[in-house]
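Have a look at the structure below before the remarks.
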Amino acid sequence: MADHSILVPTQGARRAVGAYLAVFGAVLLLMMVLGLLMRLNQGGLVTLPPELFYQSMTVHGTGMVGVAGIGGAAVLWHFLGRYVRLTTWVFVFNLVTFVIGAAMILSADFIGGFAAAWTFLFPLPANAGGQWEDWAAAVHLGGLLLIGTGFLLFHLDTARAILGRYGSLTRALGWPSLFGSDPQPPPATVVASTMVLIVNILGLVFGASVLVISLINLMVPQFAIDAMIAKNMIYFFGHVFINATIYMAVIAVYELLPEYTGRPWKPNRPFLAAWTLSTVLVMVAYPHHLLMDFGMPRWVLIVGQIVSYISGLPILVVTAFGALMIVFRSGLRWDLGAGLLFVGVFGWAAGVIPAIIDATIIVNSVMHNTLWVPGHFHSYLLLGQVAMLLGFACWLGKASGGTSPSRLFNALAFWLFVGGGIGLTQSFLYSGRSGVPRRFAEYLPEWIGQARIGALSAALVVLGAAMLAGRLLAGLHRPTGAR
Amino acid sequence: MVQHIAWVITLVAMGAVTIGFLWVAAGAGNFAEYPGIVQKAYRIRKVLFIALLAVSGGVSAATLGDLPYAATHGAESGKFQVIDAVGARWQWELSADRAVVGQPVRFRVTATDVTHGFGIYDESMRLLAQTQAMPGYTNVLTYTFRQAGRYRLLCLEYCGVAHHGMMGEFTVVDR
């Protein structure tokens, strides 16, 4: 039976989490503004040259994935630090590599003109068609590699710390309780962190490998990789990493909803089984990104559909239903933090629906690479993952004794963010239904009205998020008052 | 229309999730003993999980028999028209720009520079079918046009600065 005593984070550790959240807030807002500009351009309300549109698109996609990772890492590290001894300098090193990598990407894209989207599909980085120089591609890919290296070290440190206390990854996943009779499984945070380190270390290794191959290809064009293999590696990495950002953020739900409601979140057998199943399924589901690659083995694509249907179910049902159960008639007094965490679970649960539908091969053949795709991922990332992170930051600010603005300000910020988010995601989904392609700088006349509704909604999201971020930064301004 | 069905199902399911969350949120301020809630909720969760699994299995079984990949359409044995489509920034080069209503068309799709997406749109800009166009691969997309008219080809995989302008056209005529 493992020892589950609670460790108290040092002041340096708390400050590091504050620094993460400050970077998260700043980068998130910048990326949101870029997203708004793109929707305004598609709606014909501003005019961006196509080069600038696609540079912004590349920065927006890459930056949002990265900052979701940074926010998720802050949550994971903050709560995992209650159970295992983590290394603060590794945590800080990850943030430093992220900031340097982000600066490299911004320079490469906005100064060097690199614009190969977050997907950097081989051989596009080295085949710019005069749009950018090789140095810009190298700096962008190098920045990504640096960020990936930081995250890899971060997860290796969590692995070291978890192994130090629990002895093996299977014990940390709760297998002695799942398959045996150990009455005291590890805390939910430890289980989730173990799952994340397993999938993300593998995802990051594949991502780093294809980045190195692409970098060598820039210098030695004869050194090439099969485009389909590269695509598999990129989507394995991208799929696993972005899912892991949600699995990291959801730790805040496991830790904080019990605190708000006074009800425990017990990692029982269904919970442990769900996380073990999802450890495997999240890695096997990635071929749903390749359903329109007819050169893939057919059985892989069929498995991609079937596994996509079931991969999200275990954790989602356990978590979404668990959140509803714990909040139901709990006597909870809603505040901004609790509201954002609850909305985060809602956004995740609701957003998975169009995602699963898109993983159906016959649907994918008329939805793939339309705006249906940003429709579903903005649902579970913007209204899901980001809402959970904002809820965590809000709780942290309150726990640190930060000042809180009026209830009216909080309510306005909350509903601007949520209402705008719903409008944005629904406009994307409707446009996907209408066949509007994603990643188009210029629209046909019949698509412009939908883009304008999306732009208006995006403006509300930016306004709400700016109010929330400003409030949170004010709250985090007094870290020394932390519990 | 697949897109419309997918959209309606999505709206209904998302609406149900929304109602569930709103109902719980609205009643959160009241209080009831947790053990009683847990007992009932676990029973509902079990039913929900089995229902979702059954729906997933049923939908997979119903849809996996009608895949867009060439061989499942019997394209090898049927009488069809072959059109080679080659994507290169920023145009589609077709070996023929006409097809006939009711006769399956077998598009052999590839690319010479970077990855593109080969999307077929009708006159109302409804997306009918697509496949990826990738250097080193020839993807076979079989489609049977039911109406005469002008059809557009759009690139559905980002390929560079004029990606949005990479459009082609071809005509479908009556027999």
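We name chains A, B, ... by the order of the sequence lines, and we start the count at 1 in each one.
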Any non-hydrogen side-chain atom of Met325(A) less than 4.5 Å from a side-chain atom of Tyr34(B)?
yes
Check the orientation of Trp23(B) and Phe328(A). Use parallel for under 30°, tilted for 30 to 60°, and perpendicular for over 60°.
tilted
Expected output: side-chain Ser60(B) to main-chain Ile306(A) donor-acceptor under 3.5 Å:
no
Answer key: most heavy-atom pairs under 4.5 Å with chain A among Arg126(B), Lys46(B), Glu33(B), His4(B) is His4(B)
Side chain to side chain, Pro50(A) and His164(B), heavy atoms closer than 4.5 Å
yes
With a 3.5 Å distance limit and no angle check, can you tell me whether Asp293(A) reaches the backbone of Gln132(B) through a side-chain donor-acceptor pair?
no
With a 4.5 Å heavy-atom cut-off, do Arg152(B) and Leu444(A) have their side chains touching?
yes
Please determine, among Pro437(A), Gly295(A), Ser330(A), Gly351(A), the option with the most heavy-atom pairs under 4.5 Å with chain B.
Ser330(A)
Pairwise side-chain contact, Leu124(A) with Cys159(B), heavy-atom cut-off 4.5 Å (strictly under)
no
With a 4.5 Å cut-off on heavy-atom pairs, point out which of Met228(A), Arg439(A), Glu446(A), Gln426(A) contacts chain B the most.
Met228(A)
Please flag which part of Arg89(B) lies under 4.5 Å from any non-hydrogen atom of chain A: side chain, backbone, both or neither.
side chain
Okay, Thr138(B) and chain A: the region with an atom under 4.5 Å from a heavy atom over there is neither
Contact part of Ser379(A) toward chain B, heavy-atom cut-off under 4.5 Å: side chain, backbone, both or neither?
side chain
Residue, of Met14(B), His163(B), Gln130(B), that accumulates the most heavy atom pairs under 4.5 Å with chain A
Gln130(B)
Relative to chain B, which of Leu301(A), Leu290(A), Val318(A) shows the most heavy atom pairs under 4.5 Å?
Leu301(A)
Should Met292(A) and Phe118(B) count as side-chain neighbours, where that means a heavy-atom distance under 4.5 Å?
no
Which portion of Val352(A) sits near chain B, non-hydrogen atoms under 4.5 angstrom
neither
Atom group of Ala6(B) that falls short of 4.5 Å from chain A, counting heavy atoms
both
Bottom line for Ala338(A): the part with an atom under 4.5 Å from chain B's heavy atoms is neither
Which one wins on heavy-atom pair count under 4.5 Å against chain B: Arg333(A), His368(A), Met367(A)?
His368(A)
Between Glu51(A) and chain B, which part of the residue has a heavy atom less than 4.5 Å away: side chain, backbone, both or neither?
both
Against chain A, label Leu52(B) side chain, backbone, both or neither, depending on which of its atoms sit under 4.5 Å from a heavy atom there.
both
Check the side chains of Asn369(A) and Tyr158(B) for a donor-acceptor pair under 3.5 angstrom, ignoring hydrogens and angles.
no
Of the backbone (N, CA, C, O) and the side chain (C-beta and beyond), which part of Leu128(B) lies under 4.5 Å from a heavy atom of chain A, both, or neither?
backbone
Ignoring hydrogens and angles, tell me if any N or O in the side chain of Trp334(A) forms a donor-acceptor pair with the backbone of Ala25(B) under 3.5 Å.
yes
Run Thr63(B) and Gln305(A) through side chain to side chain donor-acceptor pair (under 3.5 Å) and show every step you take.
CA-CA 10 Å; Thr63(B) 61; Gln305(A) 171 174 327; 3.1 Å; yes
Side-chain donor or acceptor of Tyr121(B) paired with backbone N/O of Gly435(A) under 3.5 Å
yes
Top of Phe49(B), Phe31(B), Trp7(B) for chain A proximity - count of heavy-atom pairs under 4.5 angstrom:
Trp7(B)
Using a 4.5 angstrom heavy-atom cutoff, name the option from Val114(B), Val17(B), Val161(B), Leu127(B) with the most pairs to chain A.
Val161(B)
At a 4.5 Å cut-off on heavy atoms, which part of Phe21(B) comes close to chain A: side chain, backbone, both, or neither?
both
Taking every non-hydrogen pair under 4.5 Å, which of Arg438(A), Met57(A), Gln55(A) racks up the most with chain B?
Met57(A)
Any side-chain heavy-atom pair from Phe294(A) and Leu67(B) closer than 4.5 angstrom?
no
To the nearest 0.5 Å, atom CG of Leu64(B) lies from atom CD1 of Ile362(A) at 8.5 Å
Just verifying a value: how many Å separate Met296(A) CE and Asn139(B) CG, rounded to the nearest 0.5 Å?
11.0 Å
Which region of Phe342(A), side chain (C-beta onward) or backbone (N, CA, C, O), has a non-hydrogen atom less than 4.5 Å from a non-hydrogen atom of chain B, or is it both or neither?
both
With chain B as the partner, which of Val366(A), Leu332(A), Val317(A), Ile353(A) has the greatest number of non-hydrogen pairs under 4.5 Å?
Val366(A)
When the 4.5 angstrom heavy-atom criterion is applied to Ile44(B) and chain A, the contacting part is both
Nearest-0.5 Å distance, CD1 of residue Ile422(A) to OG1 of residue Thr18(B):
6.5 Å
Given heavy-atom pairs under 4.5 angstrom as the criterion, report whether the side chain, backbone, both or neither of Leu156(B) touches chain A.
both
Could you tell me the separation between the OH atom of Tyr309(A) and the CG atom of Leu53(B), rounded to the nearest 0.5 Å?
12.5 Å
What part of Met167(B) gets closer than 4.5 Å to chain A, counting heavy atoms only: side chain, backbone, both or neither?
side chain
